[in-house]
Amino acid sequence: MLLVLPWLTAGKLGKKTLLRFLPTIVFSDLVIALISELSQKLKWWKVRNPLFPKLATDVSFVFGPFTIINFWIFKLTFKRFWLYVLLNIFADYLFAYPLTTIAEKLRIYKMGRMSRKQLFLLSLAVALLNYLYQSLFVEPLRRNQKT
């Protein structure tokens, strides 16, 4: 459900949005997957009963709600940097505090050596990296293709 349900909103994003932000979302998913794999070695958190047991990455989360939320945030805020930052602060706070508490109670994952504050700051750093990637790499390529 975690992997599939968020994708039910993808049709509302529109084809142009999906194509415009897809490179950044793929980049972001890879960054999160790498961080997740690193988290296993550094014992930042542990995912219980992952979809693919040999991976530390919770595939259902990364390619489900994380991916779709990223698309929506970019669609709603891109080119309005401060709105992008504020919306990400809100979303990352929700993820790091109440949603992580719920996930731990449901035994989905458990925080280890990383605090919730560190998780929040890491999530925010990834969001800023995503914005830079879209602004500095993807958008110039799109402009060059149009000319």
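The basis for the numbers below is simple: all heavy atoms, side chains too, and nothing from hydrogens, waters or symmetry mates. Small disclaimer: the values here were computed from a predicted structure and weren't measured.
Rounded to the nearest 0.5 angstrom, I108 CD1 and N49 CG are separated by 10.0 Å. From K43, atom NZ reaches atom CG of L38 across 12.0 Å, with rounding to the nearest 0.5 Å. Between L94 atom CG and I69 atom CD1 the span is 9.0 Å, to the nearest 0.5 Å. Between the CZ atom of R48 and the CG atom of L106 there is a distance of 11.0 Å, given to the nearest 0.5 Å. To the nearest 0.5 Å, atoms CZ (F27) and CG (L22) are separated by 13.5 Å.
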Item to check | Audit row: F71, F66, ring pair (Phe, Tyr, Trp, His ring centres under 6.0 Å) steps and yes/no | outcome: CA-CA 9 Å; F71 271 120; F66 179 78; over 10 Å; no

Item to check | Evaluation steps, side-chain contact (heavy atoms from CB on, under 4.5 Å), between S36 and W45 | outcome: CA-CA 8 Å; S36 295; W45 62 79; 4.0 Å; yes

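A donor-acceptor pair is defined here as one N or O able to donate and one able to accept, closer than 3.5 Å; such a pair exists between the side chain of W7 and the backbone of F63. Without hydrogens or angle criteria, T67 side chain to V62 main chain gives a donor-acceptor distance under 3.5 Å. Looking only at distances, no side-chain donor or acceptor of T77 sits under 3.5 Å from a matching main-chain atom of R80. With K46 contributing its side chain and K110 its backbone, the two residues share no donor-acceptor pair below 3.5 Å.
By the 4.5 Å heavy-atom criterion applied to side chains, F137 and L132 are not counted as neighbours. Contact of the Y84 side chain with the F78 side chain is not registered, since no non-hydrogen atoms from C-beta on lie closer than 4.5 Å. Looking at W72 and K12, their side chains come closer than 4.5 Å, going by heavy atoms from C-beta outward. Between Y97 and K117 there is a side-chain heavy-atom pair separated by less than 4.5 Å. At a threshold of 4.5 Å between non-hydrogen side-chain atoms, the residues R20 and K75 do not count as touching. Looking only at side-chain heavy atoms (C-beta outward), L13 and F21 stay at 4.5 Å or farther from each other. Annotation: side chain of V126 is in contact with side chain of S28 (closest heavy-atom distance under 4.5 Å). For the pair W44 and I35, the minimum side-chain heavy-atom distance is below 4.5 Å.
At a cut-off of 3.5 Å, with distance as the only test, no side-chain donor of S123 or Y93 sits close to an acceptor on the other residue. A donor and an acceptor atom, one from each side chain of T24 and N130, are nowhere located under 3.5 Å apart.
Looking at every heavy atom in both residues, L18 comes nearest to A10 through CD1-O, 4.0 Å. Closest approach of S135 to P140, counting heavy atoms only: O-CD, 3.3 Å. Of all the heavy atoms in M111 and T100, the pair that sits closest is CG-CG2, 3.7 Å. Across all their heavy atoms, P65 and P6 have their closest contact at N-CG, 3.5 Å. Closest approach of L119 to A96, counting heavy atoms only: CD2-CA, 4.0 Å. Between V47 and Y109, the shortest heavy-atom contact is CA-CB, 3.8 Å.
L121 and L34 end up in different hydrophobic clusters when Ile, Leu, Val, Met, Phe, Trp and Tyr side chains are linked at under 4.5 Å. Taken together through direct or relayed side-chain contacts under 4.5 Å among Ile, Leu, Val, Met, Phe, Trp and Tyr, F74 and L83 form parts of separate hydrophobic clusters. Using a 4.5 Å cut-off between side-chain heavy atoms of Ile, Leu, Val, Met, Phe, Trp and Tyr, with links allowed through other members, M114 and I102 fall into the same hydrophobic cluster. In terms of hydrophobic clustering, with Ile, Leu, Val, Met, Phe, Trp and Tyr side chains grouped at heavy-atom distances under 4.5 Å, L129 and L136 are assigned to a common cluster. Both I73 and L128 sit in one connected hydrophobic cluster of ILVMFWY residues. Membership requires side-chain heavy atoms under 4.5 Å apart, directly or through other members.
Here E104 pairs with R116 in a salt bridge; the nearest charged N to carboxylate O distance falls below 4.0 Å.
For F95 and F61, the ring centers are positioned less than 6.0 Å apart.
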